[in-house]
K.L.:
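Here you go, one structure.
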Amino acid sequence: MEEQIQAASVRVFIALAPPDEAKEELARELAPAYEAYPRMRWNRIQDWHITLAFLGELPVATVPLLRPPLAALAARRRPVRLALRGGGHFDERVLWSGIDGDLEGLHLLATEVRAAVEECGVPFEGRPLRPHLTLARSRRSDHSSAVEAAAGLAAFTGRPWQAERLHLVGSNFSRGPGPIRYRDIEAWEFAAGGGTAAP
């Protein structure tokens, strides 16, 4: 019965992903933190992403409804130019890297993505966008590791990069005791030229 429930739904979000060079640059900056805080639950570098819209648990049959409007949105938009910068934490437990660059364009893209989701009739909690890239979570009894690791990232300024694709992502969140894993359900390239640019 449990397997049938799991197979019938998937936890979904829409996101951007930094290119490998930007992720590797941040990973090098994090090397001392990896060594200093081994008990933190570090996200895999291949899973790093910037969430634009979190849709939560959806029936698997609903997911195909999202594909056409998201593909059309990506096809008419130029890439957003961003960078990873600094660090911070949520509630002393969630470590993140900040986002710099064309934040106005990023917010506009998120607004358009959320509008496309709503037009599909897919309900979701429209929390305000707080651009960040989640790196790790500390254990409930640990109130210092994320704070200290964030302080170690304060001076980090990554190289600028372009978000080339819009990603529809599924996760195995709360499907067992292991770490969270993400996989692209589908990804669409933004228009190389022309299309809509953020103001």
K.L.:
Hey, any chance Phe54 and Phe90 share a hydrophobic cluster, counting ILVMFWY side chains that come within less than 4.5 Å of each other, even indirectly?
P.N.:
no

K.L.:
Pick one: which of Ile50, Leu133, Asp100 meets side-chain contact (heavy atoms from CB on, under 4.5 Å) with Leu82?
P.N.:
Ile50

K.L.:
According to side-chain hydrogen bond (donor to acceptor under 3.5 Å, both in side chains), who are the partners of His89, at least two apart in sequence or on a separate chain?
P.N.:
none

K.L.:
Taking the side chain as everything from C-beta on, heavy atoms only, tell me whether Trp188 gets closer than 4.5 Å to Leu168.
P.N.:
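In contact.
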
K.L.:
Working to the nearest 0.5 Å, report the span between OG1 of Thr111 and NE2 of His107.
P.N.:
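The OG1 atom of Thr111 sits 8.5 Å away from the NE2 atom of His107.
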
K.L.:
Between the side chain of Ser97 and the main-chain N/O of Gly87, is any donor-acceptor distance below 3.5 Å?
P.N.:
no

K.L.:
Do Val122 and Ile185 belong to the same hydrophobic cluster, where Ile, Leu, Val, Met, Phe, Trp and Tyr are linked whenever their side-chain heavy atoms lie under 4.5 Å apart, directly or via other members?
P.N.:
yes

K.L.:
Using 4.0 Å as the upper bound for N to carboxylate O, is an ion pair formed by Arg139 and Asp142?
P.N.:
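A salt bridge is absent here (no side-chain N lies under 4.0 Å from a carboxylate O).
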
K.L.:
Quick one: CD on Glu186 to CG on Leu66, what's the gap to the nearest 0.5 Å?
P.N.:
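If we round to the nearest 0.5 Å, Glu186:CD and Leu66:CG are 10.5 Å apart.
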
K.L.:
Can you check whether Leu52 reaches Leu106 side chain to side chain, under 4.5 Å on heavy atoms?
P.N.:
yes

K.L.:
Quick check for you: to the nearest 0.5 Å, what is the distance between Leu153 atom CG and Leu135 atom CG?
P.N.:
6.5 Å

K.L.:
Taking His132 for the side chain and Arg130 for the main chain, is one N or O donor matched with an acceptor at less than 3.5 Å?
P.N.:
yes

K.L.:
Heavy atoms, side chains only, cut-off 4.5 Å: are His49 and Val169 in contact?
P.N.:
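Answer no - side chains too far apart.
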
K.L.:
Give a yes or no on whether the backbone of Leu58 and the side-chain of Thr62 come within a donor-acceptor separation of less than 3.5 Å.
P.N.:
no

K.L.:
Taking only Lys NZ, Arg NE, NH1 and NH2, and the carboxylate oxygens of Asp or Glu, determine whether Glu21 and Arg159 approach each other closer than 4.0 Å.
P.N.:
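Looking at Arg159 together with Glu21, the answer is no, because their closest N to O distance does not fall below 4.0 Å.
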
K.L.:
Go through the structure and list residues passing side chain to side chain contact (heavy atoms under 4.5 Å, CB included) with Arg127, not counting sequence neighbours.
P.N.:
Glu125

K.L.:
Within the side chain of Arg93, is there an N or O that forms a donor-acceptor pair under 3.5 Å with the backbone of Ser138?
P.N.:
yes

K.L.:
How about Phe13 and His167: are their ring centroids closer than 6.0 Å?
P.N.:
no

K.L.:
Counting distance only, does the side-chain N/O of Trp42 pair as donor-acceptor with the main-chain N or O of Tyr37 below 3.5 Å?
P.N.:
yes

K.L.:
Tell me, do Asp47 and Arg44 make a side-chain contact under 4.5 Å, heavy atoms counted?
P.N.:
yes

K.L.:
Out of curiosity, does Leu73 fall in the hydrophobic cluster containing Val63 (side-chain heavy atoms, cut-off under 4.5 Å, transitive links)?
P.N.:
yes

K.L.:
Between atom CG of Asp20 and atom CD of Glu25, what is the distance when rounded to the nearest 0.5 Å?
P.N.:
12.5 Å

K.L.:
Between Gln46 and Trp48, is there a side-chain donor-acceptor contact under 3.5 Å, judged purely by atom types and distance?
P.N.:
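There is no such pair (donor and acceptor under 3.5 Å, judged by atom type) between the side chains of Trp48 and Gln46.
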
K.L.:
With a 3.5 Å distance limit and no angle check, can you tell me whether Glu29 reaches the backbone of Phe156 through a side-chain donor-acceptor pair?
P.N.:
no

K.L.:
Counting only heavy atoms from other residues, nucleotides and ligands, does the tally under 6.0 Å from CZ of Arg85 exceed 12?
P.N.:
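No, the 6.0 Å shell around CZ holds no more than 12 heavy atoms from other groups.
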
